[in-house]
A.B. asks: 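Below you'll find the structure I mean.
A quick note: this is a predicted structure, and the numbers were derived from the prediction, not measured.
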Amino acid sequence: MNSVAKTYQDGSYAQKNPTFGDNNAEWKILNATRAIEDFKLPHRTIAEVGCGGGAILLGVAKAMKADSATGFEPMPEAYALAKSRETAQVNFLNETIGPETTGNFDLVLCFDVFEHIENYFGFLRDLSHMGSNFLFHIPLDMNAQMVARSEPIRRVREQVGHIHYFSKDSAIASLSDCGYAVRGHFYTFGGDGTYYSPLHAIMKLPRKLAFAACPHLAVQILGGYSLMAWARIEK
């Protein structure tokens, strides 16, 4: 097992990130339900790949009244928490996806995942076999202030395991290269990570003001935003 993947199996990632996504779950649920409603996405059956402790999938399935939902989580500690939260509607599997993966889910969620994966092109191509409609949430770490300061890039790598860094354009291009057609997207803002410095809180208001004036330029220069993207695989 290579050193990147090993951190998710040997307990080191869990030690640094013990909330398994719970700290941002409500915010991501709100943005996911907004995307499902705005883009009019089918959601009778939902999957989430890299579901962490399961709070996001549980919240989305409940809010959207899905018939069933399945979460896939390879990290033992996160899976144990998710499994303890199972309901009649939502189940969890201690699995990741691979070339043999197939599925027929109405909607597949993949939130803050592929920036962690060494061969993310291979991952995205394997993921494409799980359904036709996909919602990706992608941190936009590639912005002018993070590159200029350098330290924030090191921090997201060391603390939360981002090994690839995206702008909106490079994220969409990567999805396109793997066979996805991006049909809709919007920026998200407001999630707080345990790895953020005090400057993040100070910059919230300037970022909001800049975004109101010129959204794309604000995201490119000041950062602090992520991308919610709806993509389709035509079968």
A.B. asks: Report the distance from atom CD1 of I117 to atom CG of L124, rounding to the nearest 0.5 Å.
C.D. replies: 7.5 Å
A.B. asks: Determine whether V108 and W230 fall in the same hydrophobic cluster, where Ile, Leu, Val, Met, Phe, Trp and Tyr are linked whenever their side-chain heavy atoms lie under 4.5 Å apart.
C.D. replies: no
A.B. asks: Using modelled atom types and a 3.5 Å cut-off, is there a donor and acceptor pairing between side-chain atoms of T33 and backbone atoms of I29?
C.D. replies: yes
A.B. asks: Walk me through it: do D22 and R85 pass the test salt bridge (charged side-chain N to carboxylate O under 4.0 Å, His left out)?
C.D. replies: CA-CA 12 Å; D22 280 9; R85 295 168 163 175; 2.6 Å; yes
A.B. asks: How about N143 and V219: do any of their side-chain heavy atoms sit closer than 4.5 Å?
C.D. replies: no
A.B. asks: Is the closest basic N to carboxylate O distance between E151 and R155 below 4.0 Å?
C.D. replies: yes
A.B. asks: So how far is it from E115 CD to H164 NE2, rounded to the nearest 0.5 Å?
C.D. replies: 9.0 Å
A.B. asks: Heavy-atom distance under 4.5 Å between the side chains of F72 and C51, does that happen here?
C.D. replies: no
A.B. asks: How far does NZ of K168 sit from NE2 of H185, to the nearest 0.5 angstrom?
C.D. replies: 4.5 Å
A.B. asks: Could you label the plane-to-plane angle of the F134 and F136 rings as parallel, tilted or perpendicular, counting under 30° as parallel and over 60° as perpendicular?
C.D. replies: parallel
A.B. asks: Can you confirm whether more than 12 heavy atoms, excluding those of E86, are under 6.0 Å from its CD atom?
C.D. replies: yes
A.B. asks: Taking side chain as C-beta onward, heavy atoms only, is L227 less than 4.5 Å from I172?
C.D. replies: yes
A.B. asks: When you compare the side chains of H43 and D106, does any donor N or O come within less than 3.5 Å of an acceptor on the partner?
C.D. replies: no
A.B. asks: Could you check whether any side-chain N or O of N24 sits under 3.5 Å from a backbone N or O of W27, counting only pairs where one atom can act as donor and the other as acceptor?
C.D. replies: no
A.B. asks: Between CZ of F92 and CD of E48, what distance do you get to the nearest 0.5 Å?
C.D. replies: 8.0 Å
A.B. asks: Does a side-chain N-to-carboxylate-O contact under 4.0 Å join D38 and R34?
C.D. replies: yes
A.B. asks: Atom OG1 in T101, atom CD in E95: separation rounded to 0.5 Å?
C.D. replies: 8.0 Å
A.B. asks: Just by distance, with hydrogens left out, do T70 and N91 show a side-chain donor and acceptor under 3.5 Å apart?
C.D. replies: yes
A.B. asks: Does the side chain of H162 pick up a donor-acceptor pair with the side chain of D141 at under 3.5 Å?
C.D. replies: yes
A.B. asks: What orientation do Y8 and Y13 show, parallel under 30°, tilted 30 to 60°, or perpendicular over 60°?
C.D. replies: tilted
A.B. asks: Within a strict 4.5 Å, meaning less than it, do heavy atoms of the Y165 and V147 side chains meet?
C.D. replies: no
A.B. asks: Just by distance, with hydrogens left out, do D169 and S167 show a side-chain donor and acceptor under 3.5 Å apart?
C.D. replies: no
A.B. asks: With the 4.5 Å side-chain cut-off for hydrophobic clustering, are F186 and L217 part of the same group?
C.D. replies: no
A.B. asks: In terms of ring plane angle, is the pair Y120 and F114 parallel, tilted or perpendicular, where the classes change at 30° and 60°?
C.D. replies: parallel
A.B. asks: Do L81 and M75 sit in one hydrophobic cluster, given that two such residues count as connected whenever their side-chain heavy atoms are within less than 4.5 Å of each other, even indirectly?
C.D. replies: yes
A.B. asks: Is it possible for you to say whether L175 and L127 belong to one hydrophobic cluster, with membership spreading through side-chain heavy-atom contacts below 4.5 Å?
C.D. replies: yes
A.B. asks: Under 4.5 Å between side-chain heavy atoms, counting indirect links through other Ile/Leu/Val/Met/Phe/Trp/Tyr residues: same cluster for I46 and F111 or not?
C.D. replies: yes
A.B. asks: Taking atom CE of M130 and atom OG1 of T102, what is their separation to the nearest 0.5 Å?
C.D. replies: 8.5 Å
